[in-house]
Amino acid sequence: MHNNLYRSTWAEVDLGAIGHNIKEMRNRLPDHCAVMAVVKADAYGHGAVEVAEKALDSGAKMLAVALLEEALILREAHMAAPILVFGRVNPEDVPTAVEHDITLTCFQTDWIREVNRLSLPSPVKVHMKWDTGMGRVGLRTENELRETTAWMANSPTIQLTGVYTHFATADEADLTYFDLQQHRFEDLLHTFESITHDPVAVHIGNSAASIRFPERMYNYMRFGIAMYGLYPSDVLKDEGMINLQPAFSLHSRLIHVKKVDQGESISYGATYTTREQEYIGTIPIGYADGWIRKLQGMDVLVDGKRMPIVGRITMDQTMIRLDKEYPVGTMVTLIGRQGTDQIEADEIAAKLETINYEIPCMISDRVPRLYKQGS
Ligand SMILES: *Cc1c(COP(=O)(O)O)cnc(C)c1O
């Protein structure tokens, strides 16, 4: 991506780990169920093109993104696999989707009505989304389903190739709501099959649902967070049904090291004061890189040991308290393993009171991604 690296801060993406995680998932799935690699949001911050290529090499059969923009980036990189867009694409942009053979999501009769008025060189492929309880997008009732299916059956511009839903609580210990959604889906599917006989692809599960119930996943499972080696929740981590390897790590290097007298303050607001004579190191990463100010107090790894971030994180630089003097250029690991210790995305998510999904996504594209091939 960046050929010229001038700064000493980078994210490493281990494509071998992506391959391993896909293999682990495929081993759990029945033969009739394929992996759809979810590479939205620049592959959760890992790099969409590199991850998509690796996923397809590792046996994924389809790609999924949130936006038409994201699908076009994959086509520009000459990826020929089917691509599904999860979000709503404006009817006026449907010709662009057709031109690049991108499958869209549909859940509104108004959308169908507008697409019917277009003149297209060939019909747009569409997966119909059913809202069984997520409450985001999707049609919700049997009546809507009947109406939409009829509209599509008569559409000169739409080819229905799939139906799907999405679970809201597949990663939780209590599966009551998950089961309710599954039953609603089965009812809708039953109705759907009673009014149309054209075969379509059916998919319902994200990482969590697919890891826990691989045999219930129909034709595709949608592999997001676990493809990147992160567990969808602590519940899944504890269940231990799958062995995942994290693909993302974040590193920097000391650019300055100094001995500071006791009682000196560090960074904006002078929020940290040295308690004794201390070694303070500076690393070139800050909140403009997505290393946000709330991470003050978090540890980083230097020489395989934990050292705390002290003082306010600034836009471009962060200070850490060192246990001794280290040379400029010493590697600092902010996410990932060093020696026998590691700082997982989960630990950073806990510090920020959020979920691990946010962690690689929040590291901005000012931080170059370097790719490690692996097996
Ligand atoms: C993002 C997304 C996924 C992937 O979910 P993970 O929990 O990351 O596996 C699957 N399906 C839909 C519709 C999504 O939006």
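Nothing fancy with the numbering, it's 1 onward along the sequence. Remember, it's 1-based here, ligands and their atoms both numbered in the order they're listed. These numbers come from the heavy atoms of this one structure, side chains and all, not from hydrogens, waters or symmetry mates.
- In the hydrophobic clustering of this structure, F107 does not group with L145; members are Ile, Leu, Val, Met, Phe, Trp, Tyr whose side-chain heavy atoms approach within less than 4.5 Å, directly or through other members.
- At a threshold of 4.0 Å, the pair R184-D187 does not count as salt-bridged, since none of the basic side-chain nitrogens sits closer than that to a carboxylate oxygen.
- The closest protein non-hydrogen atom to atom 8 (O) of ligand 1 is Y44 OH, 2.6 Å.
- Residue-to-ligand polar distances place G224 within reach of ligand 1: an N/O pair is separated by less than 3.5 Å.
- Side-chain contact check for R212 versus L175: some heavy-atom pair is nearer than 4.5 Å.
- Considering each of N206, I204, V38, the one bringing a non-hydrogen atom nearest atom 5 (O) of ligand 1 is N206.
- Using a 30° and 60° split on the angle between ring planes, F248 and H46 fall in the perpendicular class, above 60°.
- Contacts between R136 and ligand 1, counted as non-hydrogen atom pairs separated by less than 4.0 Å, involve the side chain only.
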Q: Kindly determine whether E264 and K258 satisfy salt bridge (charged side-chain N to carboxylate O under 4.0 Å, His left out), including the steps that lead there.
A: CA-CA 12 Å; E264 294 289 327; K258 58 186 175 281; over 6 Å; no
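- Using a 4.0 Å cut-off between charged nitrogen and carboxylate oxygen, R7 and D289 count as a salt-bridge pair.
- At a 4.0 Å heavy-atom cut-off, ligand 1 does not touch M227 at all.
- For the ring-ring contact (aromatic ring centres under 6.0 Å, His included) test with F185, the passing option among Y218, F167, F178 is Y218; the others fail.
- With a heavy-atom cut-off of 4.0 Å, H166 touches ligand 1 through its side chain alone.
- Looking from atom 9 (O) of ligand 1 to the surrounding protein, the closest heavy atom is S207 OG, 2.5 Å.
- From the protein, the heavy atom lying nearest to atom 15 (O) of ligand 1 is K40 NZ, 2.7 Å.
- With hydrogens left out, the protein atom closest to atom 7 (O) of ligand 1 is Y357 OH, 2.6 Å, a heavy atom.
- Of the N or O atoms in K129, none lie within a sub-3.5 Å distance of an N or O in ligand 1.
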Q: Apply the test salt bridge (charged side-chain N to carboxylate O under 4.0 Å, His left out) to residues R369 and D42: give CA-CA distance (whole Å), side-chain angles for both, the deciding distance (0.1 Å), then the verdict.
A: CA-CA 11 Å; R369 270 62 171 170; D42 201 23; 5.6 Å; no
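- Of all atoms in ligand 1, numbered sequentially from 1 with element shown, those under 4.0 Å from a heavy atom of F86 are 2 (C), 11 (N), 12 (C), 13 (C), 14 (C), 15 (O).
- Contact of the P308 side chain with the D299 side chain is registered, since non-hydrogen atoms from C-beta on lie closer than 4.5 Å.
- By the 3.5 Å distance cut-off applied to N or O atoms, Y164 is not counted among the residues near ligand 1.
- In this structure, the protein non-hydrogen atom closest to atom 11 (N) of ligand 1 is R222 NE, 2.7 Å.
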